[in-house]
2 protein chains.
Amino acid sequence: MTEPERLRADAVRNRAAILRATEDLLTRHHPQQISMEQVAAAAGVGKGTVFHRFGSRYGLMRALIQERAQDLEIAITTGPPPLGQGAPPRTRLLAFLTAMVELVARNKGLLAALGPAAPVTAAPEQEPRETHPVYRSWHGHISQLVHQQRPDLDADMLAHVLLATLHSEPILNALERGYANRLDRTLRDLVTGLMPQ
Amino acid sequence: MTEPERLRADAVRNRAAILRATEDLLTRHHPQQISMEQVAAAAGVGKGTVFHRFGSRYGLMRALIQERAQDLEIAITTGPPPLGQGAPPRTRLLAFLTAMVELVARNKGLLAALGPAAPVTAAPEQEPRETHPVYRSWHGHISQLVHQQRPDLDADMLAHVLLATLHSEPILNALERGYANRLDRTLRDLVTGLMPQ
DNA sequence: GACATTACTGGACCGGCGGTCCAGTTGTCG
DNA sequence: CGACAACTGGACCGCCGGTCCAGTAATGTC
């Protein structure tokens with residue numbers, strides 16, 4: 001899935017240190033108020049190293065999220081039911097939502113790092129703005145499962161709505177306060193309403 | 001509802017010019033990439049004037065949103081059914097969601113201005129971060145209506161989930177492309193699933 | 001209508017940040 | 001072991017949110 005991309009030994013070490021430092025900072029601060037210099041300092045490297053490796057603030061966040069989401073990605077593509085193939089769509093969807101909520105809750109504020117979910121560079125307008133790979137993957141998974149059982153629904157939009165949950169400041173707050181189960185329950189209720197038994 | 005706050009004639013004029021300029025810029029750029037200097041220049045005033053009137057970037061966005069949301073606010077508190085009091089909760093909720101989607105769609109990217117939905121100042125942590133008045137109002141309205149018909153549900157969380165829709169980059173994109181009706185339809189489906197006839 | 005008061009104005013200025021650059025360093029491979 | 005490329009890191013750049021304050025012009029009083 002990921003090309004090995006042979007890196008020098010010190011580069012590998014620093015890459016890991018930077019990611020770990022970023023994650024650590026994210027548990028204490030909101031993504032917007034973490035500066036790249038802070039990250040570099042916390043990782044014990046120079047700012048240039050951070051940018052050389054990740055290209056930009058967005059690239060860093062993107063790499064971090066991708067790494068954390070990898071396990072779930074594998075579970076739904078090649079793992080056993082109910083996350084993996086084999087269970088009915090409704091069951092798989094519910095299992096996925098639960099896993100997703102748990103993932104986000106465990107990595108507090110991690111998804112918030114997606115922030116605008118796209119780099120906020122001076123967009124020349126009109127271009128649809130690149131979407132985050134993890135977002136695309138999750139959206140595809142959800143909409144596919146919905147479509148299998150309820151082809152009459154707008155699965156595409158519905159998947160966006162369900163995922164939107166993870167970009168809401170108040171909800172992320174609730175997650176940080178330990179209300180993951182409430183969110184999970186609410187999402188289940190919503191899905192169950194549309195996909196009865 | 002709003003104190004008149006006697007302003008000098010020129011202050012009133014400039015306030016309006018700044019709000020109009022901001023709105024105009026928001027139709028062409030994403031909120032994050034509009035600088036306060038741009039706003040000032042577009043409004044034909046100095047930067048100091050903008051900050052004197054609105055205090056901060058967040059204060060400006062907040063004022064803008066509040067003004068646009070005023071009509072809807074009035075409609076649900078003192079207007080006629082189905083938005084105002086008199087209709088059954090389910091009907092009112094559906095009407096509200098439709099109005100909300102339409103409002104956001106018409107003011108492209110306006111809600112995106114809520115961005116983090118709160119000032120991203122260096123939060124001393126722990127404090128729950130002030131919530132935007134408009135958000136609070138909408139959340140209260142939705143959760144109250146849900147609770148009236150389905151007291152068994154977690155109306156509070158459900159309202160947050162429904163509102164989260166408006167903070168999603170992909171969905172705002174869809175709205176800008178004119179898919180407001182698809183979003184409206186999807187939200188109706190979700191609500192109808194939980195509040196059957 | 002003149003004057004004092006005071007709110008408003010706007011541009012210079014500040015600290016900090018994302019991102020670039022490049023000279024020096026160090027792993028890697030033949 | 002030597003040469004080369006990749007990596008490193010700190011100085012540097014342009015920009016931006018926000019502050020400050022001297023100048024300006026509405027407003028109220030007589």
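In what follows, every chain begins at residue 1, and chains take the letters A, B, ... in the order their sequences are listed. As a basis for the values below, the full set of heavy atoms in this structure was taken, side chains included, without hydrogen atoms, waters or symmetry mates.
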Listing, residues 37-51 of chain B side-chain donor-acceptor contacts under 3.5 Å, not counting sequence neighbours, or none:
from	atom 1	to	atom 2	distance (Å)
E37(B)	OE2	K47(B)	NZ	3.2

Inset, instruction - With sequence neighbours left out, write down each residue that passes salt bridge (Lys or Arg N to Asp or Glu O under 4.0 Å) with R20(A), or none if nothing qualifies. - result: none
Inset, instruction - Tell me, please, which residues at least two apart from R15(A) pass salt bridge (Lys or Arg N to Asp or Glu O under 4.0 Å). - result: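 So R15(A) forms a salt bridge (Lys or Arg N to Asp or Glu O under 4.0 Å) with E67(A).
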Apply side chain to side chain donor-acceptor pair (under 3.5 Å) to [X] and list each qualifying residue two or more places apart in sequence or on a separate chain.
| X | result |
| --- | --- |
| D184(B) | T98(B) |
| R182(B) | D154(A), D156(A) |
| R57(A) | none |
| S137(A) | E73(A) |

[N] phosphate, OP1 or OP2: any side-chain N/O from [X] under 4.0 angstrom?
| X | N | value |
| --- | --- | --- |
| T49(B) | dC8(C) | no |
| H52(B) | dC8(C) | yes |
| N14(B) | dT9(C) | yes |

Protein-nucleotides 12-18 of chain C N/O pairs under 3.5 Å:
from	atom 1	to	atom 2	distance (Å)
dG18(C)	OP1	R57(A)	NH1	2.7
dG18(C)	OP2	M36(A)	N	2.8
dG18(C)	N7	K47(A)	NZ	3.2

Inset, instruction - Hey, could you give me each pair passing salt bridge (Lys or Arg N to Asp or Glu O under 4.0 Å) that has a residue in residues 187-196 of chain B? Not counting sequence neighbours. - result: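 Only R185(B)-D189(B) qualify under salt bridge (Lys or Arg N to Asp or Glu O under 4.0 Å).
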Legend entry - Where protein sits on nucleotides 22-28 of chain C, one letter per nucleotide: B base, S sugar-phosphate only, - none, heavy atoms under 4.0 Å: ----BSS
Legend entry - Terminal axes of the helix from dG1(C)-dC30(D) to dG30(C)-dC1(D) (five pairs each): angle between them, nearest 10 degrees: 20°
Inset, instruction - Using the six-membered ring wherever Trp is involved, compare the ring planes of H160(B) and Y135(B) and label them parallel, tilted or perpendicular (cut-offs 30° and 60°). - result: parallel
Legend entry - Residue list, ring pair (Phe, Tyr, Trp, His ring centres under 6.0 Å) with H147(B), at least two apart or on another chain: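 So H147(B) forms no ring pair (Phe, Tyr, Trp, His ring centres under 6.0 Å) with any residue.
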